[in-house]
Amino acid sequence: MSAGDETTVADADSEELLALREAVRDFLAARSDEAAVREVMIGERGYDEKVWSQMAEQLGLQSLVLPEAHGGDDAGFVALSVVLEEMGRALLPAPFFSSVVLAATALVAAGDDEAAGRLLPGIAAGTTLATLAAPGPDGAWHTGEGALAVAASPADGGGLVLDGTAGIVLDGATADEILLVVAAPEGPTLVSVPGDASGLTRTALRTLDPTRRFASLTLAQTPATVIGQPGAAGPVLAQVLDVATAALAAEQVGGARACLETATAYAKDRVQFGRQIGSFQAVKHKLADMLARVQLADAAAREAAAVLDGADPEGDPGVASAVAHIVASEAYMSVAAENIQVHGGIGFTWEHPAHLYFRRAKSSQLLFGGPNAYHERLLARVGI
Amino acid sequence: MSAGDETTVADADSEELLALREAVRDFLAARSDEAAVREVMIGERGYDEKVWSQMAEQLGLQSLVLPEAHGGDDAGFVALSVVLEEMGRALLPAPFFSSVVLAATALVAAGDDEAAGRLLPGIAAGTTLATLAAPGPDGAWHTGEGALAVAASPADGGGLVLDGTAGIVLDGATADEILLVVAAPEGPTLVSVPGDASGLTRTALRTLDPTRRFASLTLAQTPATVIGQPGAAGPVLAQVLDVATAALAAEQVGGARACLETATAYAKDRVQFGRQIGSFQAVKHKLADMLARVQLADAAAREAAAVLDGADPEGDPGVASAVAHIVASEAYMSVAAENIQVHGGIGFTWEHPAHLYFRRAKSSQLLFGGPNAYHERLLARVGI
Amino acid sequence: MPIELDDFITEVRGFLDAHATRRTGGAGDVQWGVGEDRITYFSTEAPEVEAKAVAVAKAWQRTRYENGFGWLTGPTDFGGRGLTTVHELVYDSLEAEYDVPDTGVLAVVGLGMIGPTILAHGQEKIKQRYLPAMYGGDVIACQLFSEPAAGSDLASVETKAVREGDEWVLNGQKVWTSVAHHAQLGLALCRTDPDRPKHRGITAFLVDLSLPGVDIRPLRQMSGGADFNEVFLTDVHVPDDHRLGEVNDGWRVALTTLMNERATVGGETGGPAGRAVSLPFLRELLRANGRLDDPATRRELASLYAGQAAAEYMNRQALRKLRAGVQPGPEASVSKLLYAQNLTRAAHFAADVVGPKLIADTGEWGTFSWTELLLSTPALRILGGTEEIMKNILAERVLGLPKEPGIDTKSPFRELRRSARSSA
Amino acid sequence: MPIELDDFITEVRGFLDAHATRRTGGAGDVQWGVGEDRITYFSTEAPEVEAKAVAVAKAWQRTRYENGFGWLTGPTDFGGRGLTTVHELVYDSLEAEYDVPDTGVLAVVGLGMIGPTILAHGQEKIKQRYLPAMYGGDVIACQLFSEPAAGSDLASVETKAVREGDEWVLNGQKVWTSVAHHAQLGLALCRTDPDRPKHRGITAFLVDLSLPGVDIRPLRQMSGGADFNEVFLTDVHVPDDHRLGEVNDGWRVALTTLMNERATVGGETGGPAGRAVSLPFLRELLRANGRLDDPATRRELASLYAGQAAAEYMNRQALRKLRAGVQPGPEASVSKLLYAQNLTRAAHFAADVVGPKLIADTGEWGTFSWTELLLSTPALRILGGTEEIMKNILAERVLGLPKEPGIDTKSPFRELRRSARSSA
């Protein structure tokens with residue numbers, strides 16, 4: 001990955017990124033195939049630490065998109081999308097999204113050199129796991145309605161202490177450093193709390209998608225460090241959401257494409273009534289519909305990444321990301337369900353991977369609030 | 001049609017009603033086939049007066065559901081549904097819905113013997129054409145939002161005078177007597193105005209569905225007669241809407257079934273790629289989906305009519321009608337569109353009747369406000 | 001009619017009042033946050049919980065039977081009461097007013113489908129042996145039809161039955177067998193002549209599941225439980241008198257079973273899945289999540305409820321017809337399609353309402369519990385005939401559309417297998 | 001590259017500034033209630049209005065041509081400029097900034113599809129005769145492919161062409177011919193040998209529409225206008241030099257045309273149909289109807305817009321690829337499917353918003369006018385290849401699924417016809 005003074009916008013179909021895609025795909029096929037995913041998903045940590053280190057050391061995936069100044073390669077969001085698409089396809093269970101996408105983006109957006117210097121190099125090296133949460137009243141992402149669920153007040157010896165509950169925090173049980181958007185007297189404020197902070201209780205939760213972990217955190221007079229300016233977390237969060245929803249869309253496209261490909265292969269292979277079932281028009285048209293949805297989601301995710309990279313000066317990253325978030329969420333959910341339908345009985349067994357994609361699809365769709373939130377977010381982004 | 005002291009609830013599949021259905025179907029096939037409908041729909045009045053008289057004289061359709069006391073046969077709503085289903089199937093252009101369903105129901109519900117005695121016998125005989133409108137701010141059915149568009153004030157010599165515009169009145173240009181729900185000082189009030197009243201201007205409107213006519217009425221100091229009690233039109237209107245939406249649902253089912261049957265016949269007849277197109281699974285499943293929608297709408301419309309007839313003491317006519325209105329509206333619209341798709345090119349020509357059903361389907365769906373109104377109406381009926 | 005309906009009703013009420021408690025509380029009453037937090041289509045529980053439920057179900061069926069309500073429409077020769085479908089419907093609707101154990105584990109497949117099949121095709125001795133035991137609550141029966149390679153194409157079963165004297169030796173693998181792990185008896189379709197066309201070389205056998213060579217293994221479904229089983233048959237010796245129907249005429253036997261299956265699917269909206277489409281329950285769901293006044297959510301609720309209410313009307317009307325002696329036709333497949341659609345829609349609707357609380361279990365009542373239903377919904381579109389098969393039935397049998405060309409029902413099964421394998 | 005892109009841009013700007021006016025106002029500005037109240041996909045107008053528009057279109061094409069912009073990618077031998085697709089795209093995007101006449105009547109079929117086909121398969125003399133005339137704005141060409149019995153199954157055309165010396169005599173009926181009533185030239189597919197398989201007995205001819213025996217009759221569509229025609233050919237004598245491609249090799253010629261059709265459909269979102277999916281226009285629609293703050297309407301708007309925006313991204317990316325020299329593959333069919341879906345959805349969305357004002361024309365701007373779009377939507381799913389054909393293309397050519405068995409492409413056409421007729 002090269003980066004220079006001039007903005008070079010990567011194209012996902014460039015030779016360089018095709019090579020990256022292939023490298024990631026090969027790596028995941030070798031180190032995180034279905035059997036490995038199934039082993040990890042019932043394990044306690046929810047990811048394979050060795051695979052995680054190798055991702056950092058051999059492929060440099062954690063550092064790919066981070067700023068050069070803090071140990072990153074500044075490869076851009078299109079490159080990130082390529083990586084996430086492959087991770088989504090393989091259902092990689094890893095704290096990549098929480099640490100590299102959510103936490104690192106927040107650190108960069110907050111413009112706090114001290115915090116960035118303290119945390120980003122570790123995130124880039126894969127040695128620090130961070131996460132970010134902006135818990136609202138229902139414990140999930142704060143989407144602007146109601147108050148933030150964690151309150152910050154000045155500590156006796158300076159600094160802040162936190163009280164409250166962050167109900168649904170991605171990788172919250174394993175993160176070394178937890179970034180939170182909390183209600184400070186100055187307004188929504190980004191803070192960080194180490195995973196072993198005093199007064200912090202972390203409870204791993206049962207999840208719909210076993211390849212993606214969540215925890216509930218309760219904070220009681222837990223000391224925290226402010227990142228950026230107090231009261232300034234609003235715009236940071238908006239920027240994080242643009243990046244995170246675009247990144248998620250890429251991951252969703254990867255998963256959706258895996259469903260399409262599996263279903264297509266099965267339709268060619270499975271024989272009923274003396275014919276490959278893919279020769280029946282009902283199956284054929286179902287697969288064509290799946291293809292159309294995947295292509296649409298792919299186009300939206302690509303656009304969002306390209307606009308984030310500044311490829312289209314007229315493009316608005318907020319709009320493109322919000323569009324991608326809606327389209328990819330719905331495409332993945334629908335394609336994951338239809339994949340099971342094409343498979344028939346075998347498709348709804350535990351042994352078949354189809355349900356893992358189904359679980360991931362729903363989990364991804366709801367991660368930042370779901371349909372109730374993402375439609376209004378798009379309208380907000382276009383100013384309606 | 002017989003009626004007695006005891007409530008006998010008719011079953012649409014009873015021999016008696018099957019005979020009624022056959023009689024109506026034969027009559028319409030003979031007197032209002034497609035060629036006749038096309039002739040009438042470009043004519044000025046929008047219906048064939050001779051056919052209308054014969055409906056009354058030979059079949060007694062106008063009197064069927066009306067109270068015996070006023071020249072009717074009290075045959076019940078299930079019988080009415082059977083008739084409307086056949087009319088919907090034949091796309092009969094006639095003032096039946098406006099006069100027999102809307103106006104007559106309002107007269108009965110208002111419990112005003114004088115008005116009923118004055119108008120119902122003529123409606124039952126087909127010699128009086130009446131209609132009903134409750135124009136809200138947009139000229140269409142008042143669905144509870146905003147004020148009524150026609151205001152009533154006391155006239156100098158007693159009685160009321162009306163001012164305002166009723167923008168979209170079913171058969172408003174041809175009706176002999178126009179019932180209106182207007183804003184009187186006492187509240188929403190049902191009144192009647194003769195078609196030739198002073199200060200009344202009627203303008204026939206261009207319509208989406210040429211087999212169903214609408215007019216715009218402007219009233220300037222137009223004298224009107226109060227029906228029932230001043231301020232008491234609210235419950236009357238609610239009752240009218242229950243009957244009207246149930247009746248409309250039956251008509252919609254008739255139209256939808258015609259679309260299903262036409263499409264099925266075409267799929268058996270049309271050959272492409274050396275096969276009847278109905279042997280292609282995509283066409284087959286499309287028709288199966290159409291069938292499912294029609295069956296569902298049929299069940300809902302039957303239930304609504306049966307509940308209105310008191311067949312199920314626990315049934316709530318408001319709920320059953322609101323359900324039927326939603327389900328039949330959506331079934332008809334969808335089936336009318338798919339009918340065209342099954343036909344391919346020929347289906348979207350003017351010469352083919354498919355578009356007449358498409359037009360009627362949309363027109364019916366929107367008649368009482370459309371999806372925006374009918375979903376909330378159902379929730380209101382179940383008390384949510 | 002052997003007993004007047006009024007007298008029958010009095011008798012039923014007397015029985016139910018003596019043996020069960022009448023339900024209290026209207027259907028509209030939902031106490032949000034109270035009671036079991038479970039919304040699912042499947043019934044899997046922990047093995048010990050399940051075993052207990054089966055015992056309770058059997059006991060209740062025995063009580064019914066001993067009091068003359070175990071098999072109302074069955075012939076008196078085999079422990080039935082010799083009454084009509086109307087009596088059965090009346091009994092069912094009265095029983096629904098009481099809190100009684102769920103007997104689905106016996107009733108849905110065994111009494112609902114296998115019983116009528118044995119009655120229609122079994123030898124006298126076999127009927128005597130099994131029917132009273134089944135309707136008396138002692139024997140649970142299951143269906144051994146589907147196979148890994150014969151899913152939608154059921155007539156392609158490959159499990160072999162070879163005659164050896166007075167016995168048949170069965171070898172093969174069955175799958176999607178519900179209740180097999182609680183059952184004592186199975187109805188198996190086997191290939192007895194691969195040189196005949198596929199529908200004409202099948203024979204049906206009743207298989208005592210305690211026989212050597214029967215191996216029942218639970219099959220875990222995506223929602224976590226194991227409602228189904230794989231059943232492996234290895235050199236299972238079945239006496240010839242356990243054959244149902246003639247040799248190679250098993251497809252006709254299977255059709256009897258399938259016809260009865262169609263009559264039992266769809267329509268069902270009670271139980272833990274019924275909640276998902278119950279208006280009072282959904283109303284409370286919206287209230288608990290602060291969405292009762294949101295027009296977008298309301299609109300979707302109304303649309304969902306309208307579809308569900310209409311489907312219930314349809315089922316009620318079909319029941320009324322049944323009461324009037326009209327057998328349900330293939331259009332009953334509509335009911336099954338709608339059932340799957342409505343539950344699927346409800347699951348996604350609820351997901352939209354509870355939002356991220358569906359993806360991780362925060363412990364809040366009525367949120368994460370929707371996941372089990374959500375994860376059951378794909379099965380609804382597949383079990384008991386895929387959506388595609390149901391639509392084919394509607395198109396071909398109700399609408400009379402031509403069959404798909406190029407489906408070979410005439411060649412010997414052996415050749416079909418061969419050519420399918422080489423083309424795949 | 002014959003001319004540097006920067007120089008080309010300067011040249012184009014110079015031309016456009018001299019001959020047209022630059023548009024003013026941003027895309028986001030919508031003045032509700034101002035301007036033509038028309039929302040439609042079709043373009044029919046009153047005959048005199050249409051005739052005038054055609055004259056204006058021809059004149060603008062002539063102006064383009066005379067200034068070197070009439071056929072940028074065409075060979076210089078036939079009046080083209082010999083430039084690349086990139087130049088064409090650049091020209092198009094620059095021209096879009098100006099108010100210029102719509103030249104669709106010439107461009108979509110004639111210049112977009114027939115021109116490239118003549119270029120690929122015509123004899124030198126024919127190219128000389130027609131190509132400069134077409135790109136110079138004098139000759140409008142249309143496609144004489146579809147027939148009443150050959151709709152989706154285009155290779156089943158029955159219009160006969162029989163050789164008589166140096167001429168061919170054509171007899172038959174064509175249908176769905178857009179712009180035929182304005183056209184001077186048609187490309188006809190004719191059956192020249194019914195004893196060969198259906199794809200191998202077709203020959204393509206250019207037909208001068210002023211020849212005796214050509215009868216063009218408008219075909220009124222359900223939305224009211226007549227954008228299509230039936231074309232009857234009765235003993236039309238066509239010189240052999242007007243044949244494109246070899247005798248019986250017309251299917252290959254047709255594929256050239258169809259390939260170019262695929263490149264022109266979908267994507268288009270300008271014009272009176274573009275309004276229907278334009279966010280500023282829909283925003284004003286909601287505002288005018290008091291629905292801008294209704295969450296249910298807002299949610300549907302967001303969902304509709306997301307789908308539309310993503311489709312536009314997809315088309316833009318395809319254009320970018322085209323610029324980079326990548327030809328669009330069969331996946332372009334996705335674009336056509338989405339175009340129909342989005343416009344259909346928009347029409348019903350608008351109907352929901354305007355409510356009963358859609359069913360009778362109250363004269364209010366932006367309400368009843370949606371009917372024309374609504375009544376055009378069924379055609380979008382059929383024209384230029386039905387939805388079903390598009391899905392077959394996606395499934396078979398993109399995903400590689402097996403073809404439907406039982407479709408006979410090998411038997412002589414004559415026999416196919418006979419057996420189809422007897423089976424129907």
Side-chain angles (χ1 to χ4, degrees), chain B residues 137-141 143 145-146 167-169 205-209 212-216 268-277 279-283 286 333 336-337 340-341 343-352 354-356 358-359 362-373 375, chain D residues 146 148-153 156 175-176 198 219-224 226 228 289-291 294 296-297 344 348 351-364 368 371 374-379 381-383 386-388 391-392 404 406-409 411 416-417 419-421 423-424:
Chain B
D138 58 358
W141 279 88
T143 54
E145 283 174 41
I168 306 170
V169 180
L205 303 177
R206 199 153 59 112
T207 58
L208 167 60
D209 172 10
R212 188 162 259 168
R213 297 299 174 90
F214 294 89
S216 163
K268 291 178 188 172
D269 193 51
R270 172 77 168 173
V271 172
Q272 294 274 277
F273 302 103
R275 289 162 51 177
Q276 291 151 277
I277 60 168
S279 72
F280 286 102
Q281 221 179 24
V283 176
K286 191 186 290 301
M333 190 64 248
I340 298 176
Q341 184 67 17
H343 278 81
I346 194 78
F348 69 84
T349 59
W350 184 269
E351 308 318 325
H352 196 280
H355 74 101
L356 298 177
F358 184 95
R359 289 165 182 269
K362 197 70 195 178
S363 181
S364 302
Q365 183 179 29
L366 296 175
L367 182 55
F368 295 112
N372 186 39
H375 289 110
Chain D
S146 287
S152 289
D153 184 11
S156 287
V175 76
W176 309 125
K198 64 179 181 179
L219 188 59
R220 196 169 171 205
Q221 71 249 19
M222 61 180 278
S223 51
F228 303 94
N289 287 277
R291 298 277 285 279
D294 171 49
T297 310
T344 302
H348 289 281
D352 183 4
V353 172
V354 305
K357 286 176 287 181
L358 188 94
I359 66 183
D361 188 0
T362 61
E364 186 182 328
F368 193 75
T371 56
L374 180 73
L375 293 165
S376 306
T377 53
R381 298 172 60 196
I382 295 168
L383 285 173
T386 63
E387 223 169 68
E388 287 72 25
K391 290 185 185 175
N392 275 353
E404 193 98 10
I407 291 183
D408 186 346
T409 54
S411 300
L416 286 181
R417 269 297 98 153
S419 66
R421 268 179 190 136
S423 82

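To find a chain, count down the sequence lines: A is the first, B the second, and so on, and within it residues start at 1. Source: prediction; values computed, not measured.
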Would you call D:I382 and B:I340 a side-chain contact if the rule is heavy atoms closer than 4.5 Å?
yes

Heavy-atom closest pair (D:M222 atom, B:R359 atom, distance to 0.1 Å) is O-NH2, 2.6 Å

Honestly, the part of D:E364 sitting under 4.5 Å from a heavy atom of chain B is neither

B:A282, B:G347, B:G345, B:S216: which one forms the most heavy-atom pairs within less than 4.5 Å of chain D?
B:G345

So which part of D:A351 gets closer than 4.5 Å to some heavy atom of chain B, the side chain, the backbone, both or neither?
both

Contact origin within B:R212 toward chain D - heavy atom pairs under 4.5 Å
neither

Enter the distance from D:D361:CG to B:R206:CZ here, rounded to the nearest 0.5 Å.
4.5 Å

When every non-hydrogen atom of D:F368 is compared with those of B:T207, the smallest separation belongs to CZ-C, 3.7 Å

Tell me, out of B:L205, B:D209, B:V283, who's got the most heavy-atom pairs with chain D below 4.5 Å.
B:L205

For D:S156, which atoms come within 4.5 Å of any heavy atom of chain B: side chain, backbone, both, or neither?
neither

Pick from D:T297, D:L219, D:L374, D:V353 with the largest number of heavy-atom pairs that fall under 4.5 Å of chain B
D:L374

Rounding to 0.5 Å, atoms CZ (D:R220) and NE2 (B:H352) come to a distance of 16.0 Å

Among the listed options D:V175, D:D294, D:I359, the residue most often paired with chain B at heavy-atom distances under 4.5 Å:
D:I359

Quick one, B:F280 with D:I407, criterion side-chain contact (heavy atoms from CB on, under 4.5 Å). Give me CA distance, side-chain angles, the key distance, then yes/no.
CA-CA 11 Å; B:F280 286 102; D:I407 291 183; 3.9 Å; yes

Could you report the tightest heavy-atom contact between B:N372 and D:D352, atom names first, then the distance?
N-OD1, 3.2 Å

Give a yes-or-no answer on whether the side chains of D:E388 and B:Q341 include a donor-acceptor pair shorter than 3.5 Å.
yes

Is there side-chain contact between D:L383 and B:F348, with at least one heavy-atom pair below 4.5 Å?
yes

Would you give the length of the straight line joining atom CG of B:D138 to atom CG of D:N289, rounded to the nearest 0.5 angstrom?
8.5 Å

For D:T377 and B:F358 the tightest heavy-atom approach is OG1-CZ, 4.3 Å

Answer with side chain, backbone, both or neither: which region of B:I168 has an atom nearer than 4.5 Å to a non-hydrogen atom of chain D?
side chain

Please determine, among D:G224, D:S146, D:A226, D:S152, the option with the most heavy-atom pairs under 4.5 Å with chain B.
D:S152

Identify which part of B:F273 has an atom lying under 4.5 Å from any heavy atom of chain D, answering side chain, backbone, both or neither.
both

Report yes or no: does D:R381 contribute a side-chain atom to a donor-acceptor pair with the main-chain N or O of B:G344 at less than 3.5 Å?
no

pair D:H348-B:K362: side-chain heavy atoms closer than 4.5 Å:
yes

Who among B:L367, B:L356, B:I277, B:T349 has the most heavy-atom pairs with chain D under 4.5 Å?
B:T349

Is chain B contacted by the side chain of D:A150, its backbone, both, or neither, given a heavy-atom distance below 4.5 Å?
backbone

Do you know which of B:G370, B:S363, B:A140 has the most heavy-atom pairs with chain D at a distance under 4.5 angstrom?
B:S363

Keeping D:Q221 on the side-chain end and B:W350 on the backbone end, is there a donor-acceptor pair under 3.5 Å?
no

Side chain, backbone, both or neither: which part of D:K198 has an atom under 4.5 Å from a heavy atom of chain B?
side chain

